[in-house]
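Below is one structure, written out as structure tokens; comments come after it.
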Amino acid sequence: MSGEVQKGLEGVVVAESQLSYINGDEGRLIYRGHDIETLAAEATYEEVLYLLWHGSLPTESELDSFTTTMAEERAVDDEVLATLADLAAADEEPMAALRTATSMLSASDPEPDADPDDQAATLRQGRRITAKIPTILAAYQRLRDGEEPLAPKEELSHAGNFLYMLTGEEPDAVAEETLDMALILHADHGLNASTFASMVIASTLADTYAAVTGGVGALSGPLHGGANQDVMETLLEVEDSSKDPVQWVKDAIDAGRKIPGFGHRVYNVKDPRAVILEEKSRELGDASGERKWYDHANDIEQYLVEEAGFAEKGLAPNVDFYSGTVYYQLGIPVDMFTPIFAMSRVGGWVAHVIEQLEDNRIFRPRAKYTGAKEAEWTPVDDR
Ligand code: COA
């Protein structure tokens with residue numbers, strides 16, 4: 001065994017997977033053989049969940065039954081809503097509230113003692129969690145705004161129902177399709193940090209709730225899911241500064257700041273999801289007559305890639321660079337952006353947990369010990 005430390009596990013292959021394939025040099029992403037561009041244009045999020053969890057695209061009747069069952073599982077218990085109200089009163093961050101509420105869901109699971117070897121039971125638990133996350137998030141946002149949570153509507157799509165529960169109004173087709181597309185784009189992405197965290201937890205044979213709760217925790221960090229919120233806050237800072245966006249970003253780089261939404265462990269070129277979201281961001285700006293968020297982001301991208309040498313360093317926009325401007329233009333509060341990422345990525349976490357359990361071995365890497373080997377013991381009174 002090599003004693004070389006692979007910091008951040010870069011380049012280390014720890015599992016086989018049939019879920020998503022990323023070519024970081026070509027900017028290509030596929031889920032089970034289907035290009036992300038096709039899925040974004042043609043599929044629904046529910047269809048993509050079925051594909052990831054069951055291995056192939058559903059027939060019409062399979063999709064109907066899957067969608068209906070998931071829609072029936074959207075409601076959450078009053079205890080969860082009461083806890084969310086307490087967390088809202090304490091001004092907890094939405095990702096922290098989601099982490100707590102996800103963990104609480106196990107208390108009302110009809111199969112609390114499901115055997116990790118029972119793949120169908122794990123899938124049912126994953127489906128219930130996935131169905132309920134939008135309800136938790138929308139309820140939390142309304143409670144923070146001093147409004148009562150709304151009960152889910154079973155007849156709406158996963159994306160449409162979330163927007164309804166968030167705003168109190170059924171969304172128009174553009175908003176529903178845009179969010180649905182964003183959910184598809186974020187559903188899976190190889191062994192990213194949150195997915196790997198879920199897999200590590202599942203490898204101990206802890207339950208699905210523990211694995212998903214761990215995924216939420218890992219996704220909350222600014223180096224991972226938190227970046228989409230950071231991008232929008234950056235663009236708002238640019239706007240507030242009244243500086244030209246390019247001048248603002250030059251100053252930020254001179255000050256040693258990392259630019260959120262740029263760089264990726266796997267992609268050396270523009271993330272294919274950023275390409276799709278950029279187009280959507282521009283379309284939304286054109287439709288509303290206010291393109292400034294898209295324009296600011298695009299000006300910054302042009303400068304960093306073409307003049308600041310980012311391309312030579314393999315730094316290009318990642319998925320978060322344009323998703324923030326898309327959500328902002330849909331009227332979604334900035335600190336709900338990362339929770340929306342979680343609402344989608346839970347599909348990937350569950351799929352990888354299932355794969356992990358199919359051929360499980362507990363994760364147990366080692367550290368290279370660099371501490372002292374012969375320290376002298378001094379009793380506490382003599383220190
Ligand atoms: N802005 C400016 N410089 C960046 C940068 C960014 N967004 N991302 C990476 N770099 C630079 C680093 O400073 C480093 O430079 P150095 O070699 O001179 O020290 C080099 O590029 C490699 O970066 P590193 O952080 O070691 O890469 P990583 O693979 O460990 O991390 C990310 C990948 C995504 C965590 C990193 O690019 C980042 O922090 N990006 C911003 C946050 C973000 O958008 N996250 C969402 C990812 S989907």
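Just so you know, ligand 1 is whichever comes first in the structure, and atom 1 is the first atom listed for that ligand. Computed from a prediction, not measured in an experiment: that's the story for all the values here.
- Judged by distance alone, the side chain of N192 and the main-chain N or O of T195 form a donor-acceptor pair under 3.5 Å.
- In this structure, atom 48 (S) of ligand 1 has a protein heavy-atom contact shorter than 4.0 Å.
- Y267 has its ring centre less than 6.0 Å from the ring centre of H189.
- The ligand atoms of ligand 1 that sit less than 4.0 angstrom from a heavy atom of G263 are 34 (C), 37 (O).
- Each of T213, V212, T130, I201 was scored for a side chain to side chain contact (heavy atoms under 4.5 Å, CB included) with W349, with one residue passing: V212.
- Within the set K258, K7, K313, the minimum heavy-atom distance to atom 36 (C) of ligand 1 is found for K258.
- Distance screen at 4.0 Å: atom 6 (C) of ligand 1 has a protein heavy-atom neighbour inside the cut-off.
- Between R265 and ligand 1, at least one pair of N/O atoms sits closer than 3.5 Å.
- Looking at ligand 1, you won't find any N or O of D320 less than 3.5 Å from one of its N or O atoms.
- Those atoms of ligand 1 with a heavy atom of H224 less than 4.0 angstrom away are 46 (C).
- Ring planes of H186 and Y327: tilted class, angle from 30 to 60°.
- Distance check on atom 40 (N) of ligand 1: some protein heavy atom falls below the 4.0 Å cut-off.
- Residue G261 has at least one heavy-atom neighbour below 4.0 Å for each of these atoms of ligand 1: 43 (C), 44 (O).
- On a distance-only criterion, V319 and ligand 1 share no N/O pair closer than 3.5 Å.
- Protein heavy atoms are found less than 4.0 angstrom from atom 45 (N) of ligand 1.
- Scanning all protein heavy atoms for the shortest distance to atom 1 (N) of ligand 1 gives I259 N, 2.9 Å.
- Q302 CD: more than 12 foreign heavy atoms inside a 6.0 Å radius.
- Contact annotation for atom 28 (P) of ligand 1: protein present (non-hydrogen atoms, distance under 4.0 Å).
- Taking a distance limit of 4.0 Å, we find that atom 32 (C) of ligand 1 is approached by no protein heavy atom.
- Atoms CG and CG, on L123 and L357 in that order, are 10.0 Å from each other to the nearest 0.5 Å.
- For atom 25 (O) of ligand 1, the nearest protein heavy atom lies under 4.0 Å away.
- Only the side chain of F310 comes within 4.0 Å of ligand 1, judged by heavy-atom distances.
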- Message: The test is side-chain hydrogen bond (donor to acceptor under 3.5 Å, both in side chains); show your working for Q329 and S288 and say whether it passes.
- Response: CA-CA 9 Å; Q329 293 181 86; S288 71; 4.5 Å; no
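- Under 4.0 Å is where a charged nitrogen must lie from a carboxylate oxygen, and between D335 and R144 at least one such pair does.
- For CD of E62, the number of neighbouring non-hydrogen atoms (other residues, nucleotides, ligands) closer than 6.0 Å is greater than 12.
- Within 6.0 Å of CD in E155 there are more than 12 heavy atoms belonging to other residues, nucleotides or ligands.
- With sequence neighbours excluded, no residue forms a side-chain hydrogen bond (donor to acceptor under 3.5 Å, both in side chains) with D115.
- Close contacts of ligand 1 with A227, meaning ligand atoms under 4.0 Å from a residue heavy atom, involve 43 (C), 44 (O), 45 (N), 46 (C).
- Residue contacts with ligand 1 for L315 involve side-chain atoms from C-beta outward but no N, CA, C or O (heavy atoms, distance under 4.0 Å).
- For the pair K280 and E283, the salt-bridge criterion is met [side-chain N within less than 4.0 Å of a carboxylate O].
- Taking a cut-off of under 4.0 Å to the non-hydrogen atoms of L223, the atoms of ligand 1 that pass are 35 (C), 39 (O), 45 (N), 46 (C), 47 (C).
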